[in-house]
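These numbers come from the heavy atoms of this one structure, side chains and all, not from hydrogens, waters or symmetry mates. Just so we're on the same page: letters track the sequence lines, and every chain starts at 1.
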4 protein chains.
Amino acid sequence: MQSRTPAPRATGRPRSAAANAAILAATRAALVELGWSKLTLGDVATRAGVAKTTLYRRWAGKNELVVDAVAELFDELELPDRGTLAADIEGVVLQFAAILARPEAKSGLMAVVAESTRDDLLRERIRASIVERQKRLVLEGRARAQLRGELPLEPDPGEAARTVDLIFDVVAGAVVHRTLVSAEPADEEWVRGFTRLLLLGLTGAAS
Amino acid sequence: MQSRTPAPRATGRPRSAAANAAILAATRAALVELGWSKLTLGDVATRAGVAKTTLYRRWAGKNELVVDAVAELFDELELPDRGTLAADIEGVVLQFAAILARPEAKSGLMAVVAESTRDDLLRERIRASIVERQKRLVLEGRARAQLRGELPLEPDPGEAARTVDLIFDVVAGAVVHRTLVSAEPADEEWVRGFTRLLLLGLTGAAS
Amino acid sequence: MQSRTPAPRATGRPRSAAANAAILAATRAALVELGWSKLTLGDVATRAGVAKTTLYRRWAGKNELVVDAVAELFDELELPDRGTLAADIEGVVLQFAAILARPEAKSGLMAVVAESTRDDLLRERIRASIVERQKRLVLEGRARAQLRGELPLEPDPGEAARTVDLIFDVVAGAVVHRTLVSAEPADEEWVRGFTRLLLLGLTGAAS
Amino acid sequence: MQSRTPAPRATGRPRSAAANAAILAATRAALVELGWSKLTLGDVATRAGVAKTTLYRRWAGKNELVVDAVAELFDELELPDRGTLAADIEGVVLQFAAILARPEAKSGLMAVVAESTRDDLLRERIRASIVERQKRLVLEGRARAQLRGELPLEPDPGEAARTVDLIFDVVAGAVVHRTLVSAEPADEEWVRGFTRLLLLGLTGAAS
DNA sequence: AGTTAACCGAGACGGTACGTCAGGTCTTTCC
DNA sequence: GGAAAGACCTGACGTACCGTCTCGGTTAACT
């Protein structure tokens, strides 16, 4: 997950494994307290009980570090079988909203996305470690709904991929916009309304 | 639109009106060339042919300045009558996508949203000068569709307002996410697919 | 005493006479509170109840203003007849020391002298309004001592002038150095010792 | 000689020794070219090939820096045995006058003295590194004169110290006043006249 | 009694320097 | 050879004053 992974050496003192986790945790703690723009690498190093040099040896800069620190947050998303597609969607959207409500996610995620508009490597890093990584949820949910007969099978694989992408953008985008731009909570009522809209859009039949 | 608007005086040298426009234009130019994080107020001042102090006399900081500079971009959104609701939506979404594709919008918008997660005044400023300001498009489109009979009248005003907010979050969120996070172009094909989903979700009937 | 005295006009509003005094008094007050380096012309203008422009219309800058403000302090030096040359010297030296002990003199005098090392006009202004102006004390004291027969008449006028200059430099220099550089008080005991030295140097006979 | 001397550490990169000398030399060069009031720490840093932060790490500000830079100038004063007290005095006074004629001394010395009237630490720094440091010359000269029998032994040590202080104030004060305030050269003729006055004052007998 | 020219206050303006802070790099000693 | 420590260079920060300017408005002397 680090940005700088030189060929493993046989000689010299090995890198402390504990340091990596400490640095990422310290980064999240600093995001909570200070937000992205006031977070400094020197401060993160101090919190992690590590020298600044160690930090630079493992990450190229603030952006890469924050992407890794934030990406871990989304790995806790799960999609247990809640019986119906509507319940599955509502469940995962609420989970996603809960993560986005946490200050370390809020503050960090949008900032690195902003930075990524001018940095191709950073954009790719975000796509790989956040976006593509979480599309599994859409795939899993769709497969399960198809098994239940709630969604038809899509014979064209290209069209299927496009639909996954569209759904992902709609879901993630709506929640992010609601939470961060409109600055209103994505609470149960809102999630119900959104799910109804989405489901209707997907199936053409009222939930 | 400035952040610092003391009670208008009768005395003293009046503020240069030309300076405001020059500064906002310079800000957008700097966003294009440098992006948000490398944009410096000193550089903006130089580009605008203005002293740094003049800039600080009118805006509290980088964030407020960028909000004003970016907000102007969205004022060019229009909603001409394209005959059907589907066409109206496709048209405005494409327009919105076109603006978001411009580097000064990309780079600036997400950054100030990120900052706004830790700054209530900034969040309010964004809401007032961007979000609420552009909800006019949703209102106008809905009214027109109702006249055409494409959408039913909504008797409950609270529910109507909630629907407007939901639609705005879904539309804006999806386009932003597609463009900036997924980093794929919101081209005609994608917009068609998205509009179909949205319209179906709103009406329950295929477009 | 102002630095800018344009040719007097016949028409137009005349300059406020009260303003000059108010400005010089405000300058001294600011010197007491802030010292030379933290004194700002804007602050002096405010204290004097005057616009900054008014101040710049009359003085070229901080240095010229301070010279004028400080010069007035030394005009209160007097040389009453105390009966003997020794008493006259002791008296005036104590008076001089008392003025130099005041913070507005301390802080301002050395600063303008320092500035005058790089500004010929300023040096000339200091000479004219402070140095030459106070040499009257030496001249008066010598004349009185010669009348009393305590000092011989000096037939050579060039030599007489050189002696006046020398005495002035020795007296003023010693008191200034004692007060400001050595930072010890020029109290009665010190003044007695200094006067003994000076008088012996002038006459070759113990006082 | 620096103002900030934290307890020496064992760890971390040590401070560059070369930088100190380069900074003080650059300070003197800037004093010559610009004078005290136009000297900026940024410029000094540039001249010394050093970052501004390095400079601030070692000195508290402009005043402390200039005191150190100027103090070094006076260390070149010497008192070789010239045979008689009169010759010794003339020699050292001429040397002192020569240093004071140099622009870096002129411009800097008076300015820091002026500042010291409002800053106790700065005054103490000046006393320690300039005044007390150079009193050695008076002590040495007196001791030598007493050996030669030109001056009587002073049995009372308190009185002896007072006399040293007085002589120092008279000599330094007179030369400084002649050079900077009266703005006349302290040339050989003036020094002869001054020495005659001083010697006569000390011994009561013509030189 | 009007005219008129210079004054006055207020405060914005283009600048320059300030002293601080963060980003990254380099140099030292220790492990 | 990694790691902690901290000095280093770079460059931007936001502030304070500088001295100038542009306003609206005032004031006294000269018509």
Tell me: [atom1] of [X] to [atom2] of [N], nearest whole Å?
X: A:Asp43; N: E:dG24; atom1: CG; atom2: P; result: 15 Å
X: A:Arg47; N: E:dA22; atom1: CZ; atom2: P; result: 12 Å
X: C:Lys62; N: F:dC18; atom1: NZ; atom2: C1'; result: 10 Å
X: C:Asn20; N: E:dC7; atom1: CG; atom2: P; result: 13 Å
X: B:Trp59; N: F:dT15; atom1: CH2; atom2: C1'; result: 19 Å
X: C:Arg15; N: F:dA29; atom1: CZ; atom2: C1'; result: 17 Å
X: A:Leu65; N: E:dG23; atom1: CG; atom2: P; result: 11 Å
X: D:Leu55; N: F:dC9; atom1: CG; atom2: C1'; result: 13 Å

Exercise. Salt bridge check: are B:Asp68 and B:Arg125 linked by an N-O gap of less than 4.0 Å?
Worked result: yes
For this session: Using a strict cut-off of less than 4.0 Å between a Lys/Arg side-chain nitrogen and an Asp/Glu carboxylate oxygen, indicate whether C:Arg28 and C:Glu33 qualify as a salt bridge.
Result: no
For this session: Give a yes or no on whether the backbone of D:Trp36 and the side-chain of D:Ser107 come within a donor-acceptor separation of less than 3.5 Å.
Result: yes
For this session: Would you check if the side chain of A:Arg123 reaches a backbone N or O of A:Ser116 as a donor-acceptor pair within less than 3.5 Å?
Result: yes
With respect to the phosphate group of [N], does any side-chain polar atom (N or O) of [X] fall under 4.0 Å of OP1 or OP2?
X: B:Arg13; N: E:dC13; answer: no
X: D:Thr11; N: E:dT28; answer: no
X: C:Arg58; N: E:dC8; answer: yes

Using a cut-off of under 3.5 Å, enumerate the N/O to N/O pairs linking the protein to nucleotides 15-17 of chain E.
from: E:dG15; atom 1: O6; to: B:Thr53; atom 2: OG1; distance (Å): 3.4

Exercise. Do C:Val112 and C:Val70 come within less than 4.5 Å of each other through their side chains, counting heavy atoms only?
Worked result: no
For this session: Taking only the side-chain heavy atoms of A:Tyr56 (C-beta and beyond), determine which of E:dC8, E:dG24, F:dC9 contains the nearest atom.
Result: E:dG24
Exercise. Rounded to the nearest 0.5 Å, how far apart are CD of D:Glu115 and CD of D:Glu64?
Worked result: 9.5 Å
For this session: List the atom of B:Val32, the atom of B:Pro103, and the distance in Å for their closest heavy-atom pair.
Result: CG1-CG, 4.0 Å
